[in-house]
There are 2 protein chains.
Amino acid sequence: MKIEILPKNENDAIQKEIISKIRDYINYKNLEPGDKLPSERKLSENFGVSRSSVREAIQTLEFYGLLKSKPQSGTFVADIGSVALNGMITDILRLEKPDFKSLVETRILLELKTVRLAALRRSKEELKEIEEALEAYATKVMNGEDAVQEDLLFHLAIAKASGNSTINTFMLTITPEIITNFTKYHVCDKNIAFIGIQEHRDIYEAIKKQDPQLAKEKMKVHFKMLYQYCYNIPD
Amino acid sequence: MKIEILPKNENDAIQKEIISKIRDYINYKNLEPGDKLPSERKLSENFGVSRSSVREAIQTLEFYGLLKSKPQSGTFVADIGSVALNGMITDILRLEKPDFKSLVETRILLELKTVRLAALRRSKEELKEIEEALEAYATKVMNGEDAVQEDLLFHLAIAKASGNSTINTFMLTITPEIITNFTKYHVCDKNIAFIGIQEHRDIYEAIKKQDPQLAKEKMKVHFKMLYQYCYNIPD
DNA sequence: TTTCTTAAATTGGTTAACCAGATTGGTTTG
DNA sequence: CAAACCAATCTGGTTAACCAATTTAAGAAA
């Protein structure tokens, strides 16, 4: 059993280097919003790396909204000044994989908001989807099966009903990591899951009644266990 | 002047189709966590698309933590059950570009949290960085220059000091879009910016004093204008 | 000189060939 | 019979060649 050095790290290191070089270039040439970067070919030649590596780096910066590449035209600096561009690229370079505690902390924050918004904004269809997710969860638990997935899908259904696409996206990005860690640390053991059914049901009823305050309260109750777990897990 | 149909949309459509086919395949073959997908070559052949398109789709699913590809080995289903996998892919396929309102709504939510956390957890170095960002902002405003970027960098510095890497990442992803829209809708006009200096300073002092409640209050004051703007912008 | 035309050069995107490492199954060896 | 070995094969990643749309600028026409 060898200790696994993630190969991705090396890749990431290369990409970060390229990103930093792109930043340096933008600074050196004093490029402003809307200005064009050199072609991918020239950049790859300039940096001494493959063109596909340059492409990946550009795609990453495009994801963060800092660059915008147009087919058959070029790659352009976004409508963001050089100050913000520099600051953000620096931040991006320093980004590291989120730890579990921050994930849970963020999830709680987001969900206390989504459940309120869902109570206010949910459509009939969305309410129905939440109910279906609830039933799927309850059924699984009653059969004594593991229901971590159904649990999280219930929460995702609420996020979708919140009508806030940004939060919904964020919830989607953190959920897989949450599920993995929950399974690993056995956060949702079966005895707890039984209590979870009623708690879920309470949340659902509050959303159905369109009572945001009650919904938030019920969600807080539901997260009570999570709080404890979150702060007992080793770093 | 032709109406621009974003080329990315078409690309996205293709990618979404591939993602949906991957989901169907996983369902059809009943793949479970840890199982291996067919090679990229076979998938591309199977789906009748180019291999690079398949790769992009896989990378997207990897970003959401649903797949994991290992070099010289294969692409594997993450440690997530098929139920969650299906639900999440369905959600991902439905994702659309976040609207400005949801961005602002989310930003306010996140920042009211980060400012409290920053007051609790900030190190001396982080406090210093916040101060520097504050001064850069004040200087720009006093010179009568536009300071949207410095404004947001101040807020990002707080996010960094919150010690929550997940929220920090989220703040980074929404900031460029925020800046673009602020510039477009002239949210931060210069007369407002002058008031902003004092508000920023108040927030900074609260963080310095390590008073989370006060910090949150000051941030709320700072967001008061934003609230109004947020709900006056047309859809 | 100005404007329109057009063809060559440049662009990001796509496809195909290639590479090094991991996997696998049959063979050998103890 | 089981473990160790090795080569053929398969893998994701990389590189290079190709494509179509776009841009550019030179040249023709006014």
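Numbers restart at 1 for each chain; the letters A, B, ... are given by sequence-line order, proteins then strands. Because the structure is a prediction, the values reported are computed rather than measured.
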Can you list every ring pair (Phe, Tyr, Trp, His ring centres under 6.0 Å) pair that touches residues 37-89 of chain A, not counting sequence neighbours?
-> Phe63(A)-Phe63(B)

Gap between atoms CG and C1', on Leu43(B) and dC10(D) respectively (whole Å) = 14 Å

Please check if the distance between the ring centroids of Phe154(A) and Tyr137(A) is under 6.0 Å.
-> no

Which part of the nucleic acid, if any, lies within contact of Thr75(B), taking any heavy atom under 4.0 Å across all strands shown: a base, the sugar-phosphate backbone alone, or nothing?
-> sugar-phosphate

Take the protein atom CD of Glu56(B) and the nucleotide atom P of dG13(C), then report the distance between them rounded to whole Å.
-> 9 Å

Residues in side-chain contact (heavy atoms from CB on, under 4.5 Å) contact with Asp35(A), at least two apart in sequence or another chain = Leu31(A), Glu32(A)

Which nucleotide, dT15(C), dT14(C), dA17(C), lies nearest any side-chain atom of Arg51(A)?
-> dT14(C)

Specify the separation, in whole Å, of atom CG of Leu67(A) and atom P of dT11(C).
-> 16 Å

For Lys36(A) and dT11(C), give me the distance from atom NZ to atom C1', rounded to whole Å.
-> 7 Å

Can you tell me how far P of dT14(C) sits from CZ of Arg55(A), to the nearest Å?
-> 7 Å

Can you figure out which of dG12(D), dG12(C), dT11(D) approaches the side chain of Lys42(B) most closely?
-> dT11(D)

So, Thr114(A) versus Ser162(A): side-chain donor-acceptor pair below 3.5 Å or not?
-> no

Integer-rounded Å distance: dT14(D) P and Glu40(A) CD = 15 Å

Between CZ of Phe76(B) and P of dC10(D) the distance, given in whole Å, is 16 Å

Is the count of non-hydrogen atoms from other residues, nucleotides or ligands lying under 6.0 Å from Glu45(B) atom CD greater than 12?
-> no

Among all residues two or more places apart in sequence or in another chain, which pass the salt bridge (Lys or Arg N to Asp or Glu O under 4.0 Å) test with Glu126(A)?
-> none

With a 4.0 Å cut-off on heavy atoms, is Ser52(A) in touch with a base, just the backbone sugar-phosphate, or nothing at all?
-> base

Could you please name the option among dG13(D), dG13(C), dT14(C) that lies closest to any side-chain atom of Ser69(B)?
-> dG13(D)

Give, for atom CD of Gln149(A) and atom CG of Leu156(A), the distance between the pair rounded to the nearest 0.5 Å.
-> 11.5 Å

What integer distance in Å separates Lys70(A):NZ from dG13(C):P?
-> 12 Å

Using the 3.5 Å cut-off, write out each protein N or O paired with an N or O of nucleotides 19-21 of chain C and the distance between them.
none

End axis versus end axis in the helix from dT1(C)-dA30(D) to dG30(C)-dC1(D), the angle rounded to 10°, five pairs used at each terminus = 10°

side-chain contact (heavy atoms from CB on, under 4.5 Å) partners of Thr139(B), counting only residues at least two apart = Asn143(B)

Are side-chain N/O atoms of Arg23(A) and Thr90(A) paired as donor and acceptor at under 3.5 Å?
-> yes

Does dT14(D) have OP1 or OP2 sitting under 4.0 Å from an N or O in the side chain of Ser50(A)?
-> no

